[in-house]
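Scroll down for the structure; my scribbles are underneath it.
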Amino acid sequence: CFSSQVFLRKAGIQSLAVQASLASPPTKHNISHRNMSYTSSSALSSTRTQAASRNMRVNGYSVPNVSFSGSLSSAFDGGNGEFLRVEVSNGQPTVYVEMTKDPHTELENLYHSQYFSFRSIFKASENDSGAATDAAVRYVLANAGDASYPSAWEGSTTFYSTNPSDPASWRRKLDTTYDSNTGELSWTHDHTVDSPSSVYFAYFPPYSYERHLSLIAKCEMAPNAVLESLGQTLDGREIECVKVGTGQKVCWIVHRQHPGENMAEFYAEGLLNRLLGLNSEASYAVDGKVREALSMYTFYIVPNMNPDGAFRGHLRTNAGGQNLNREWCPSEMPDGTPYDAPTLERSPEVFHVLQKMDQTGVDVFLDVHGDEELPYNFIAGAEGCPNWSPRLQSLQGAFLAQYSRTNSDMQVAVGYEPEEPGEGRMNVCSNQIAVRYNCLAVTLEQPFKDCMSNPDPERGWNAARSSMLGSSVLEPLVYVGPFLRTDNEFWVNTEDSAAAFGEDDMYVSPTSDYKSLL
């Protein structure tokens with residue numbers, strides 16, 4: 001339990017209580033306890049045995065008028081957040097939480113962190129009458145400055161919900177601020193008498209393993225889909241792949257290599273719902289563009305590449321601490337030591353998926369992610385790969401241009417700075433696929449922040465819009481499909497024919513300096 005605990009006597013009985021008062025002149029009341037919950041009861045409760053034995057520190061003084069009690073927990077699917085302490089200043093409680101870091105990443109020699117998802121229960125009441133009162137509670141993510149991308153906190157807003165299993169219920173805390181001097185991310189929540197005492201906070205609305213299994217079950221029931229387990233993860237979970245379509249061209253789309261990027265699996269859900277007609281009241285009806293796509297392509301879709309990391313609440317790694325998006329071929333450690341990848345011992349998720357890709361071949365590929373820094377949807381291509389050519393440049397330009405025309409949440413100008421020619425990192429998934437199969441291969445990134453293409457501060461970029469972005473990828477895939485493997489130089493004008501794509505489809509070299517474009 002975390003609690004602001006002081007001794008008070010009431011009716012001759014000594015008890016422990018959590019106390020604070022707006023009327024009291026003292027300004028600070030500090031209590032620290034390293035447990036996932038706090039209570040005002042006389043006995044501490046804990047779901048974690050190791051936490052129950054830890055000592056509690058009590059600093060400050062007793063304030064007689066108002067008491068509060070509560071609990072903080074991340075002991076659920078995808079949870080991440082550990083209680084540190086409570087401080088009371090001028091009557092306002094401040095709850096300090098820290099993110100739990102991912103396991104050590106051997107290749108990068110890092111402990112990643114940025115993702116958080118925790119539940120807080122808070123109640124305030126008057127001691128004399130026991131009547132509940134409203135309370136404005138400040139929450140502080142104390143180790144935000146130690147995150148993998150601390151500069152990305154600028155402009156970030158924390159999500160909150162009292163019904164976490166409903167993606168539409170999540171809203172953003174518009175008062176979220178990051179103090180680069182203290183390295184703290186903070187926001188305030190009003191725990192009111194007429195609202196649920198339990199509230200969930202998260203970096204992005206969660207996509208639970210239960211929801212994942214429900215999606216897989218729906219896909220398996222669809223008449224034209226084939227479900228295959230490509231292998232198992234380190235924790236023994238299946239690596240599911242959904243196959244659909246009868247076309248000659250092969251399209252692979254993988255999602256959520258980085259498990260804290262929940263928007264990637266919402267993207268997969270939107271794509272699969274449309275491809276399989278899962279939202280058509282069991283009739284599995286699909287639109288004309290879907291029919292065209294299914295006759296052009298055979299799709300292999302992996303909704304979640306990293307179910308272990310997702311369940312454990314990791315940001316970037318699997319159960320063994322490996323960043324899967326750096327496991328797609330052998331590479332070198334920072335000290336030059338050879339690093340073998342993928343392997344069954346470290347990265348079976350990549351091992352099994354790549355093995356299947358070698359069996360099917362790949363004509364076009366998408367690796368779906370989320371980005372902490374840039375407030376836009378964008379793609380990163382294969383500009384640094386040795387096989388980057390006018391063909392791939394033209395295909396990438398046309399794909400992105402058509403995507404942005406289909407869904408205005410996608411845009412062209414902003415993205416990662418392209419890698420220099422010949423300097424692409426071959427252990428990165430989309431680069432490896434682009435070279436291995438000489439195909440159009442891109443990483444698709446979605447924002448954790450609000451999407452500046454179509455701002456919506458209260459909800460920001462969210463689960464529903466991720467799903468819609470996934471469903472609308474079929475239009476650009478169909479648009480470039482006829483030219484993926486043609487022998488003609490379709491990107492140039494000749495005496496006999498015009499180029500396949502017009503000026504509006506031209507490749508644009510992106511910039512990460514989006515502020516200069518505003």
Side-chain angles (χ1 to χ4, degrees), residues 77-78 102-103 105-107 207-222 225-245 250-262 264-265 267-269 271-272 276 298-314 316-331 339-362 365-369 426-433 436-437 439 441 443:
D77 176 358
D102 292 3
T105 304
E106 185 177 353
L107 179 62
Y207 198 106
S208 69
Y209 191 58
E210 180 182 6
R211 188 181 183 97
H212 166 82
L213 293 178
S214 177
L215 174 63
I216 293 299
K218 292 176 183 177
C219 292
E220 196 168 12
M221 294 294 292
V226 176
L227 177 68
E228 180 180 357
S229 173
L230 304 182
Q232 290 189 340
T233 66
L234 292 175
D235 281 347
R237 293 184 175 87
E238 306 297 337
I239 307 166
E240 294 107 342
C241 179
V242 179
K243 176 185 176 184
V244 61
V250 174
C251 175
W252 273 83
I253 307 179
V254 304
H255 308 76
R256 209 174 176 185
Q257 285 200 79
H258 294 151
E261 297 165 8
N262 303 331
E265 194 159 5
Y267 183 106
E269 183 177 293
L271 169 61
L272 288 165
L276 304 179
T298 297
F299 288 92
Y300 293 86
I301 299 170
V302 181
N304 188 347
M305 284 281 296
N306 198 340
D308 292 354
F311 189 85
R312 289 166 172 253
H314 293 178
R316 290 177 72 83
T317 71
N318 68 358
Q322 309 314 318
N323 178 352
L324 296 186
N325 201 27
R326 301 295 184 271
E327 293 280 316
W328 287 81
C329 74
S331 58
Y339 181 86
D340 191 23
T343 68
L344 289 172
E345 294 75 22
R346 279 196 295 245
S347 48
E349 301 89 348
V350 175
F351 182 93
H352 290 301
V353 169
L354 194 55
Q355 187 177 61
K356 183 67 175 181
M357 286 180 174
D358 284 341
Q359 295 174 12
T360 66
V362 183
F365 173 81
L366 278 77
D367 179 19
V368 183
H369 285 258
M426 289 299 101
N427 61 342
V428 171
C429 178
S430 59
N431 282 348
Q432 176 62 209
I433 302 306
R436 195 180 190 99
Y437 306 104
C439 69
T443 300

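- Among all heavy-atom pairs drawn from Leu213 and Glu240, the shortest one is CD2-OE2, 4.1 Å.
- Taking SG of Cys429 as the start and CG of Leu324 as the end, the distance is 9.5 Å to the nearest 0.5 Å.
- For the residue pair Pro259 and Ala310, the shortest heavy atom distance occurs at CB-N, 3.1 Å.
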Problem set entry | Verdict with supporting geometry, Trp328 and Asp367, side chain to side chain contact (heavy atoms under 4.5 Å, CB included) | CA-CA 12 Å; Trp328 287 81; Asp367 179 19; 5.9 Å; no
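- With respect to Glu269, the side-chain contact (heavy atoms from CB on, under 4.5 Å) criterion is satisfied by exactly one of Lys218, His212, Arg211: Arg211.
- Judged as a side chain to side chain donor-acceptor pair (under 3.5 Å), and not counting sequence neighbours, the contacts of Thr233 are Asp308.
- Between Gln257 and Val350, the closest side-chain pair of non-hydrogen atoms falls below 4.5 Å.
- Residues Phe365 and Val254 form a side-chain contact, since some pair of their non-hydrogen atoms from C-beta on lies under 4.5 Å apart.
- Residues satisfying the side chain to side chain donor-acceptor pair (under 3.5 Å) criterion with Glu238, sequence neighbours excluded, are Ser229, Gln232.
- Residues satisfying the salt bridge (Lys or Arg N to Asp or Glu O under 4.0 Å) criterion with Glu228, sequence neighbours excluded, are Lys356.
- A pairwise comparison of heavy atoms in Pro330 and Asp340 identifies CG-OD1, 3.9 Å as the closest pair.
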For this session: List the steps, then state whether side chain to side chain contact (heavy atoms under 4.5 Å, CB included) holds for Met357 with Ile433.
Result: CA-CA 9 Å; Met357 286 180 174; Ile433 302 306; 3.6 Å; yes
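- With sequence neighbours left out, Trp252 forms a ring-ring contact (aromatic ring centres under 6.0 Å, His included) with Tyr300.
- Expressed to the nearest 0.5 Å, how far CG of Leu272 lies from CD1 of Ile301 amounts to 4.5 Å.
- How far CZ of Arg346 is from OG1 of Thr105: 11.5 Å, rounded to the nearest 0.5 Å.
- In this structure, the separation between CG on Asp77 and CD on Glu210 is 8.0 Å, given to the nearest 0.5 Å.
- At a threshold of 4.5 Å between non-hydrogen side-chain atoms, the residues Asn427 and Leu107 count as touching.
- Going from atom CG of Asp235 over to atom CZ of Phe311 covers 9.0 Å, rounded to the nearest 0.5 Å.
- In this structure, Arg237 is positioned above the aromatic face of Tyr209, its NZ or CZ under 6.0 Å from the six-membered ring centre and within 45° of the axis.
- Looking only at side-chain heavy atoms (C-beta outward), Phe351 and Glu345 stay at 4.5 Å or farther from each other.
- Here Arg436 pairs with Asp358, Gln432 under the side chain to side chain donor-acceptor pair (under 3.5 Å) rule; sequence neighbours left out.
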Exercise. Should His352 and Leu344 be marked as a side chain to side chain contact (heavy atoms under 4.5 Å, CB included) after you check the CA-CA gap, both sets of side-chain angles, and the distance that decides it?
Worked result: CA-CA 8 Å; His352 290 301; Leu344 289 172; 3.6 Å; yes
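- For the atom pair NE2 (His255) and CG (Asn262), the distance works out to 13.5 Å, reported to the nearest 0.5 Å.
- Annotation: side chain to side chain donor-acceptor pair (under 3.5 Å) contacts of Asn323 (sequence neighbours excluded): Glu108, His258.
- Between Leu234 and Glu349 the shortest heavy-atom distance is N-OE2, 4.2 Å.
- A heavy-atom distance below 4.5 Å is found between the side chains of Leu276 and Cys219.
- Between Pro303 and Ile216, some side-chain heavy-atom pair lies under the 4.5 Å cut-off.
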Exercise. So His369 and Tyr267, side chain to side chain contact (heavy atoms under 4.5 Å, CB included) or not? Walk me through it.
Worked result: CA-CA 9 Å; His369 285 258; Tyr267 183 106; over 6 Å; no
